[in-house]
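Values below: every heavy atom of this structure, side chains too, minus hydrogens, waters and symmetry copies.
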Amino acid sequence: MKKKIMFCLFVTSLVFGCRTLAEPLEVLNYSFEYNEFGEQVPGWVPGVTGTPQYWAYSSNCDDDTWEDASTDGIVSVAVGGTDDLFQLLDHKVYPGDEYLLRFDCYYAWAEGGIYDGTYKGKLYYDDDGGRIPIAVTGDAAGRPWKLDNDLKITVPAGSPAMGRKLGIELSTYQETGNWISLDNVRLDMLASPGRAHEPDPANGDQMVLLDKVLNWRTGVNPDNLSEPNPAITNHYVYMNNGSATDPNLTLVSTIPAGDPPAETAEYIPDEGLIRDGVYYWRVDEAVGSIGPDDPNIIRGMLWSFEAVKSVPMFMGGQPEDTAVWPAESVVLRVEAVNPYTLDTTDLIYAWYKAGDTIVLSETDTLEITNAQVADEGDYYCKVTVIFEETEFTAYSPTAQLIIKRLIGYWPFDGNMKDIAGGYDGTMIGGGASYEDGIIDSGEALEFTGNSKEAATFPTDAHINLAWSLSWWENSDPTKTGGDWETMVGCGGDVGWEIFDFTRYRAVRYAFGFETDGQQRTISGDYIFTVNDPALYPRGQWHYHVVTNEPSTQTATIYINGVKFDEFVGFDFDEFDEVLYLGNLRDMSQPYAGLIDDLKLYNYVLEPMDIANGYASVTGEEICVELPAGDTTGDCFVNISDLLEVIDSWLQCNLYPFEMCP
């Protein structure tokens, strides 16, 4: 999905009211780079009972950024049994501090079988070498990566942690021989009323006026968070020069706090702010009067803001990606502000389609009537203002226009041609063979279960809005390709498919999606059909539809025209360039059977359209969604469903069916 620059709306002072940003605190070697396997983790200290080891998730161990833990090349640290790992930061704790500790966690292995590991994360303060806990959290960590485990803690008034150094400790609960791998440790300070706080401009504000007076609230009393700290004598204001390339802070002013200290203080920059300035600033507070280098100084948080620009500013996230039916009209808009008049006057607009030089509109709106496939593409607006005979220009984010349609259709009638979009398929690992299909007495593509066999299809990799995928399958009742038989798969790196739809152990289906960079796996995160071979038996045709709605991050699965289940939080990025049929791209899950009438749409099919797609081929009348308790799939809840429940209970003594092995 394209990244868009989004600004907040104006408030009365013409300062953008954006959210307050967290301040990252320095964690040494947060991604656990290493030189050789087995060496101790630099920057971290192992606990008393063990020596944590490095653990490589893959052979490519380039781990020098805050990586997404789903990517190849992960290096993490393995903590097992009663081992722990801790690091003391060069950061002092003050009352009211609110911290967010995050880390990624993977249950690596266990002696004697597969179990879910359990981790704990802790914040502590240093007491002359002792680690005194501030807070502890625990959670189950199954396979695979569990991302962004959160520990949020606020230091209370009167805490003995006041003025002590802060530390992080990570460890596991389980017995020796079971291991957890940890990676990507981050610690943010969200708020700190014990220091100078509530800055104006707020941290992250944009379009701040050039004559803005900077102000803040004085740090609070350690024992009473409702009043200023009576020990504070001075505010030391540090600031950079406004250059985005110079974040160095200089002491620019010493401001008396008052006696008793005032609740607020302010600083007026001597020469005001500069246009296009990117400012970083901090306010340290003195306890006593030794000076800014006093070790007892209450160091402030780092804040930033941006001054008004010299070029027009865009607001409101406009223009927006849009999908319409053929012949519909499309309206794209931008909201821009003249940085010299602080309104919308004297702006010059020019709309373009990416890759073209023709001006499509000279207003803040672009309207496309009778939209057709030829109109698909990315659109943007160039906005110009003239100030003192000089032109200043800015470009809006691009908006993608999609015309809803069937973009790929492979009927498999004796060939692998795409009769909708021209994305013809290729058989690898052998020649293509065909048997009788289900659609209009045509043919279907046959897979033998050979581990070297798959069919590949180029797709429109530019799909990044909604989509739907449908196909019919009839698995061979006499054999299986293996425990896992992939009908359809799509993904970038091997092992991290965007989605994977399979026959699982002959009797049920499994549907897996990559979710927030995390591939769902056999450990319980896959969606399974009921463990009943009679419901979707091999040797019969079954109709599958999967839809993706990006606005709600929801992927929905339909079997034989009826909604089966859905994934929520499916953050789909883009289709991979190749779609696989009959196997995964690593050729590890060969399918045995027939696949027919594969279709790819660039919009979400409606439930009724899906039901009609099934009924038009089979002649059956179906319900759009199964009623609660309908285990037989006949759209009725009756004695047959009760018998299904009883039979399942007698087989494995577990309910629901998904709990059965």
- Message: Is there a side-chain hydrogen bond (donor to acceptor under 3.5 Å, both in side chains) between T245 and S243? Walk through the geometry before answering.
- Response: CA-CA 5 Å; T245 60; S243 170; 2.9 Å; yes
- Is it true that D97 and R195 have a side-chain N and a carboxylate O under 4.0 angstrom from each other? yes
- Measure from the side-chain N and O atoms of S396 to the backbone N and O of C381, and report whether any donor-acceptor pair falls under 3.5 Å. yes
- Could you walk me through whether H91 and Y99 pass the ring-ring contact (aromatic ring centres under 6.0 Å, His included) test, one step at a time? CA-CA 12 Å; H91 174 87; Y99 300 102; 5.8 Å; yes
- Item | Flag, side chain of N548 to backbone of A466, donor-acceptor distance under 3.5 Å | no
- State, with a plain yes or no, whether a side-chain heavy atom of T218 is found less than 4.5 Å away from one of N229. no
- Task: Compute the centroid of each ring, for Y267 and then for W281, and state whether the two points are separated by less than 6.0 Å.
- Result: no
- Determine, for E23 against R282, whether the closest basic-nitrogen to carboxylate-oxygen distance falls under 4.0 angstrom. no
- Does the side chain of T264 come within less than 4.5 Å of E198's, by heavy atoms? no
- Message: Assess the residue pair S551 and E549 against the criterion (side-chain hydrogen bond (donor to acceptor under 3.5 Å, both in side chains)); give the C-alpha distance rounded to whole Å, side-chain angles, the decisive distance to 0.1 Å, and a yes or no.
- Response: CA-CA 6 Å; S551 64; E549 176 50 68; 2.8 Å; yes
- So, for Y279 and F305, is the gap between ring centers shorter than 6.0 Å? yes
- Query: Is there a donor-acceptor contact under 3.5 Å linking the side chains of N338 and D346?
  - Reply: no
- Query: Among W471, Y558, Y580, which residue meets the ring pair (Phe, Tyr, Trp, His ring centres under 6.0 Å) test with F501?
  - Reply: W471
- Are a donor atom and an acceptor atom from the side chains of T393 and T384 found within less than 3.5 Å of each other? yes
